[in-house]
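Written out below as structure tokens is the structure these notes cover.
If you read the sequence from its start, that first residue is 1, and numbering goes on from there.
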Amino acid sequence: TEINFESEICAYLSANGWLYEEGDAAKYDRGLALFPEDALAWIQKTQTEAWDTLQKNHGSKAGDTVLARIRESLDKNGTLDVLRHGIDLLGLRKKLPLAQFKPAMAINPDILVRYKANRLRVIRQVRYSLHNENNIDLVLFLNGLPVATIELKTDFTQSISDAIAQYKFDRNPKAKGKGSEPLLTFPSGALVHFAVSSSEVEMTTNLQREGWLEIIGRYMLAERDEKKQIKKIIFPRYHQLDATRELQAAVLKDGPGGRYLIQHSAGSGKTNSIAWSAHFLADLHDAEHNKFFDTVIVVSDRNVIDTQ
């Protein structure tokens, strides 16, 4: 059944570094589309000086002030930008980070402490809507901010097409005559939405803790239009993840000077794979924190790479 399917996924994630507790859905804030407990807990643990300042300035309202500002920043800049760059708050001299992604060099102990403190949480049966009691099977959070939603179907009862149809027809980000749903609104809500059956996943990746943080911190891209507005979020496909990770692993093992061939079919995202590989190789360090390459040169007939 779908309930058993949910339970198996939650148990797996819980055993691999994710937070999961029954009843967490009751703590979810629909209006903010946040899990406030984790957002404030991460700030209090990793940004102690900033938190002390906020408490001096706002007293008992410090938490509410931060959460409201997170929501405002999400609406203005989008979820990916807020997770990567933090938020501005009156009274703080610099932006307040809301997550810490893995650094290229593991020589700063403070950064590693913040990275290990990241709170990845899975919550089941989330009543997300401001207008009805619809719920989504699973929602994934990073430090209280939603990063993915998942609709589950079992092959015994329904197919993956039913999960896709559910998103299309029953999960409207802005129903006619009603306000928007913060969790589902693009680009200020969850970053990606999965339709999952017992045998298929419409968009798939390994949801291990390290891999998920790497995808959010390094792979996901916000594509903007001429007016600098976010028009879509690029999420890496499995073959792109596999190719770029295998390339880095091979260079780390074999050292500079090797030759490698990556084959992509037409329309499979070759340009993004090239751009990701170039960035990652330029940032690659060995165990002693020495850079592998001084410069990465890309020779290509694809002009679009210049903007990536």
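Remark: I150 CD1 to F5 CZ distance equals 9.0 Å, nearest 0.5 Å. To the nearest 0.5 Å, atoms CG (L120) and CH2 (W212) are separated by 9.0 Å. Taking CD of E72 as the reference point, atom CZ of R69 lies at 5.5 Å (rounded to 0.5 Å). From D81, atom CG reaches atom OG of S188 across 12.0 Å, with rounding to the nearest 0.5 Å. How far CH2 of W18 is from OH of Y12: 11.0 Å, rounded to the nearest 0.5 Å. Between the CD1 atom in I136 and the CZ atom in R127 there is a gap of 12.0 Å [rounded to 0.5 Å].
When side chains are defined from C-beta on, L145 counts as touching L74, because their heavy atoms get closer than 4.5 Å. Side-chain contact between F186 and I230: present, with at least one pair of heavy atoms (C-beta onward) separated by less than 4.5 Å. With contacts defined as side-chain heavy-atom distances shorter than 4.5 Å, the pair V139/F35 does not qualify. By the 4.5 Å heavy-atom criterion applied to side chains, V298 and I274 are counted as neighbours. In this structure, L183 and Y28 have side chains that are in contact, with non-hydrogen atoms separated by less than 4.5 Å. Counting heavy atoms from C-beta on, the side chains of Q47 and P97 come closer than 4.5 Å. Side-chain atoms of V126 and I123, non-hydrogen and from C-beta on, do get closer than 4.5 Å to each other. Under the 4.5 Å side-chain criterion, counting only non-hydrogen atoms from C-beta, F292 is in contact with V251.
Open room surrounds NZ on K174; 12 or fewer heavy atoms of other groups in view lie less than 6.0 Å from it. More than 12 heavy atoms of other residues, nucleotides or ligands shown are found within 6.0 angstrom of CD on Q125. K95 NZ: more than 12 foreign heavy atoms inside a 6.0 Å radius. Surrounding NZ of K232 are at most 12 heavy atoms belonging to other residues, nucleotides or ligands under 6.0 Å away. For I3, the CD1 atom is loosely surrounded, since the number of other residues' heavy atoms within 6.0 Å does not exceed 12.
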Report task. Give the C-alpha distance, both sets of side-chain angles, the deciding distance and a yes or no for side chain to side chain donor-acceptor pair (under 3.5 Å) between T149 and Y128. Result -> CA-CA 11 Å; T149 70; Y128 67 90; over 6 Å; no
Report task. Using the side-chain contact (heavy atoms from CB on, under 4.5 Å) rule, take S159 and D162 through it: C-alpha gap first, then chi angles, then the decisive distance, then the call. Result -> CA-CA 5 Å; S159 68; D162 293 299; 3.4 Å; yes
**Report entry** Worked verdict on R218 versus F101 for side-chain contact (heavy atoms from CB on, under 4.5 Å)
**Finding:** CA-CA 8 Å; R218 304 190 75 193; F101 298 104; 6.0 Å; no
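Remark: of the listed residues K178, R30, E181, E181 is the sole one forming a side-chain hydrogen bond (donor to acceptor under 3.5 Å, both in side chains) with S129.
Distance alone, capped at 3.5 Å, places no donor-acceptor pair between the K102 side chain and the L213 backbone. Without hydrogens or angle criteria, S197 side chain to E200 main chain gives a donor-acceptor distance under 3.5 Å. For the pair D286 (side chain) and N290 (backbone), a donor-acceptor distance under 3.5 Å is present. Although no hydrogens or angles enter the test, the distance criterion places no donor-acceptor pair under 3.5 Å between the side chain of S14 and the main chain of A11.
Taken together through direct or relayed side-chain contacts under 4.5 Å among Ile, Leu, Val, Met, Phe, Trp and Tyr, L13 and V192 form part of one hydrophobic cluster. When the side chains of ILVMFWY residues are joined at heavy-atom separations under 4.5 Å, either directly or via intervening members, I111 and W42 end up in two distinct hydrophobic clusters. Hydrophobic clustering, with ILVMFWY side chains joined whenever heavy atoms are under 4.5 angstrom apart, keeps L98 apart from V113.
Taking all atoms of both residues into account, the shortest heavy-atom contact from H131 to S180 is NE2-O, 4.2 Å. Closest heavy-atom contact between S273 and H264: OG-NE2, 2.8 Å. When every heavy atom of M220 is checked against every heavy atom of F235, the shortest pair comes out as CE-CD1, 3.5 Å. When all heavy atoms of G91 and T53 are compared, the pair lying nearest together is O-CG2, 3.7 Å. Residue H285 comes nearest to D283 through the heavy atom pair ND1-O, 2.8 Å, listed as atom of the first residue, atom of the second, then distance. Nearest heavy-atom pair across L184 and H193 is CD2-CE1, 3.9 Å.
Between the side chains of E210 and Y115, a donor-acceptor pair is found at a separation under 3.5 Å. Side-chain contact annotation: S7 with N4, donor-acceptor N/O pair under 3.5 Å absent. In this model, a donor atom of one side chain and an acceptor atom of the other lie less than 3.5 Å apart for Y219 and T244. A donor-acceptor contact closer than 3.5 angstrom links the side chains of N118 and N143.
Residues R93 and E49 are paired through a salt bridge, judged by an N-O separation under 4.0 Å between the basic side chain and the carboxylate. Salt-bridge formation is detected for the pair R121/D38: a Lys NZ or Arg NE/NH1/NH2 atom is positioned less than 4.0 Å from an Asp or Glu carboxylate oxygen. A salt bridge is absent between R124 and D137: the closest approach of a Lys/Arg side-chain nitrogen to an acidic carboxylate oxygen does not fall below 4.0 angstrom. In this structure, K56 does not pair ionically with D52, as no charged nitrogen and carboxylate oxygen lie closer than 4.0 Å. Between E151 and R171 a salt bridge is recorded (basic side-chain N to carboxylate O distance below 4.0 Å).
Applying the side-chain hydrogen bond (donor to acceptor under 3.5 Å, both in side chains) test to R114 and every residue at least two apart in sequence or in another chain returns Q100.
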